[in-house]
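In what follows, a structure is listed as structure tokens, so that the remarks can point back to it.
Letters go in sequence order (proteins before strands), and every chain restarts at 1. Bear in mind the structure is a predicted one, so any value in this text is a computation, not a measurement.
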Amino acid sequence: MNTQTAEAQERHVLTITVDNEAGILAKIAGLFTARGYNIDSLTVADITDNHEVSRITIVTHGPPSIIDQIRAQLERLVPVHKVVDLTEVGPYIERELALIKVAGTGNFRVEALRVAEIFRAKVVDTTTSSFVFELTGSPDKIDTFVALMKELGLVEVGRTGVVGMVRGNTAI
Amino acid sequence: MSTERSGAEILVESLVAKGVEFVFGYPGGAVLPIYDALFGEERIRHILVRHEAGAAHAAEGYARATGKPGVVLVTSGPGATNAVTGIADAFMDSIPMVVITGQVPTALIGTDAFQEADTVGITRHCTKHNYLVKDASELAAIVDEAFHIATAGRPGPVVIDIPKDVQIALAQWNGRAPQRRTRYAPQTMAPAADIANAVAMIAAAERPIFYTGGGVINAGPQASRLLRELQKLTGAPVTSTLMGLGAFPAGDPAWLGMLGMHGTYEANMAMNKADLIIALGARFDDRVTGRLDAFSPYSRKIHVDIDRASINKTVRVDLPVIGDCAIVLEQMIDAWLQAGHSAADLTDWQARIDGWRARKSLAYPDRGNEIMPQKAIERLYDLTRDRDPVISTEVGQHQMWAAQYFQFHGPNKWLTSGGLGTMGYGLPAAIGAQAGLPDALVIDIAGDASIQMNIQELGTATQYRLPVKVFVLNNEWMGMVRQWQELTYESRYSNSYSDSLPDFVKLAEAYGWKGIRITSMDELDAGIQAMIDHPGPVFVDCLVVKEVNCYPMIPSGAAHTDMILYGDDVAGTMDDAAKALV
Ligand SMILES: Cc1ncc(C[n+]2csc(CCOP(=O)(O)OP(=O)(O)O)c2C)c(N)n1
Ligand SMILES: [Mg+2]
């Protein structure tokens, strides 16, 4: 009954609403390191007019029993209001923004621009020998774009990490 | 009517409002305003310890023995870092505690100022919650919330770090209870469906067992009373973790003794063969479960705990029941009676348990006039039982012998460092308990090595006329370390001998204590009696047989069925995987 069978790893997107107080991010990040949980990405920003509440999105992976532990551990922190496992609650969207710098001239430059159009990336900076693209999408889409750009003069990538939201007309 | 008061004064008023009787502390630059506010304060008694670790453990002992939160006051930097062990200890053992630390003035924070330490950062992961107070006007609300957090739900330590300028700053004080934020409100009552399920499972079980832990103690004395009631209704036998001792009376026919690494044969075998485990306020710690994949393989498991994060952490259970042990026990009793359940016929189960009991796993050889440490504990128990004493311990073999051979009949009588296993806990914990219970007989059962870790607290007991007793089982070894070296490292005794021990009797006398040395069986009873009869603090140096080891023992990573009993040959070595286990 309690044999610890090797459970399959799952990827989960958690949103956590917290009191926007000093140290809360360190507390949450530290909880993950101290207990050996994985953080694939973490984003945070305050979401209320009075700056009192922040929303954190964490992408993690692990066996289901660990994902359940992560939720329970987060929920018992005093400044945490609510933890929602988007992966559990139903269809949701996740988006990430990336800035991608590509340097090159001639054919490389033309090709980079063409690929960017296909991905609906925006050009937010340009010189005669470079572009900075802004791309929003699922992490997969950004991965694919970055992989293509590697062949076309990629010099730098910056990514925000994921924010997620449940589909439909209700709040979590 | 609202007046302006300093942050330090507001702090003191807020502590009084929370019913604080004792503060265990040590002054320093960054808390001088608070110490000044305490000067001449008659509503709060300050106990000046000799080291901040002592303050934290004393507050733990006070909390454990009285059920009220312990309060600590220390200065910034080294004051705070010295208290960290006690804070971590309280965190592991779920002890309600509020720790007030001074901090350098706000403007100096982050500049590596004199005696600056990032107390909030350092204690972040060993507190339930912590605060850096930025404004004196927030103090009253923070103190109020800190006590709520420390005591509600699964109890634990809360740190309030107060910069010196905030202690001096003036703020409005109206004496009214502050409006509390509603953000921390743990579930205490379990859903009725879970309760109905739980009692049905108990009624249907053929081999049930209660496995109880510190959560039953934390839920207050009524939880222990209700446990006894539910046990009577169901007939199921009871075992307990180290932290849970006293919730169920030792000596009751249903009592199996402690379980786990140094638990009794009957408790561990019953856990292994049970078809239903009812875990109450216990957390399936590795010292209890042994090898996880062999832990209680035939049982379904009900886990009652107020901390959802304790459930399914190491052992998967069939029915989680989230709530306060006292409330859930009451719900279970009601549901049991309402459903008209009656105790199942457990005759076969009891017969098997009696078979395991017959192994007499706590038996030990007689050594004539030499004192076996187990014997010393048994005599200590017999000669003090009419006083219903409070027992604290240090960490090591003596701690396990105290757990095995001292018998506890009620909650809040047993103070020990279970989760963190902190040597040096016992003496200050006894001092804290004695402060809270001035008429109780409070005894620290100690080891010769552990007692030296906070021996300076002898002075605290003297200063406050606290008649605590220290009873050292002196084996001239870090016995528990030596035992592991025998088991794992072919008796290579690397640094485990207690060399250069002080003359404990003289040392005690130097602190104004009475010192007694007991060297043989024919002195044992008289020595213990002299300790009890002396009205002041007494240090007993009891010389016991040195080479005795503590059994039964489940080696780390072994199954409950692989217990080593007294007389088994244990010397040897282990492979690297086994050596890596703690
Ligand atoms: C602060 C701390 N340091 C180290 C240990 C590891 N340790 C556990 S038991 C022990 C020896 C204790 O010796 P003693 O107090 O004489 O007790 P005995 O085992 O001999 O009864 C040690 C060093 C610990 N538990 N706590
Ligand atoms: Mg010793």
- Query: In terms of heavy-atom proximity below 4.5 Å to chain B, should A34(A) be classed as side chain, backbone, both, or neither?
  - Reply: neither
- Message: Is it the case that atom OH in Y184(B) sees more than 12 heavy atoms from other parts of the structure closer than 6.0 Å?
- Response: yes
- Message: Taking CG in D49(A) as the centre, count heavy atoms belonging to other residues, nucleotides or ligands within less than 6.0 Å. Is the count above 12?
- Response: no
- Note on the structure: What one should report as the nearest heavy-atom pair of I311(B) and Q69(A) is O-NE2, 3.5 Å
- Item | Where K313(B) and Q73(A) come nearest, the two heavy atoms and their spacing | CD-NE2, 4.5 Å
- Message: Other residues, nucleotides and ligands only: do more than 12 of their heavy atoms fall within 6.0 Å of CE on M165(A)?
- Response: no
- Message: I need the residue from V317(B), N312(B), D307(B) with the largest number of non-hydrogen atom pairs under 4.5 Å to chain A.
- Response: D307(B)
- Of all heavy-atom pairs linking R316(B) and S65(A), the shortest is NH1-CB, 3.5 Å
- Message: For R124(B), is there any backbone N or O sitting under 3.5 Å from a side-chain donor or acceptor partner on K27(A)?
- Response: yes
- Where is the tightest heavy-atom contact between K128(B) and V78(A), given as atom of each residue plus distance? O-CG2, 4.1 Å
- Item | Shortest non-hydrogen contact between P79(A) and H129(B), atoms and distance | CG-CE1, 3.5 Å
- Task: Tell me, with the steps shown, if R183(B) and E21(A) meet salt bridge (charged side-chain N to carboxylate O under 4.0 Å, His left out).
- Result: CA-CA 13 Å; R183(B) 59 179 179 166; E21(A) 59 184 41; 3.2 Å; yes
- Query: Around E10(A), counting heavy atoms of other residues, nucleotides and ligands shown, do more than 12 lie under 6.0 Å from its CD?
  - Reply: yes
- Item | Portion of D19(A) that has a non-hydrogen atom of chain B nearer than 4.5 angstrom | side chain
- K101(A) NZ: over 12 foreign heavy atoms closer than 6.0 Å: no
- Minimum heavy-atom distance R76(A)-A309(B), with the two atoms named: CD-CB, 3.9 Å
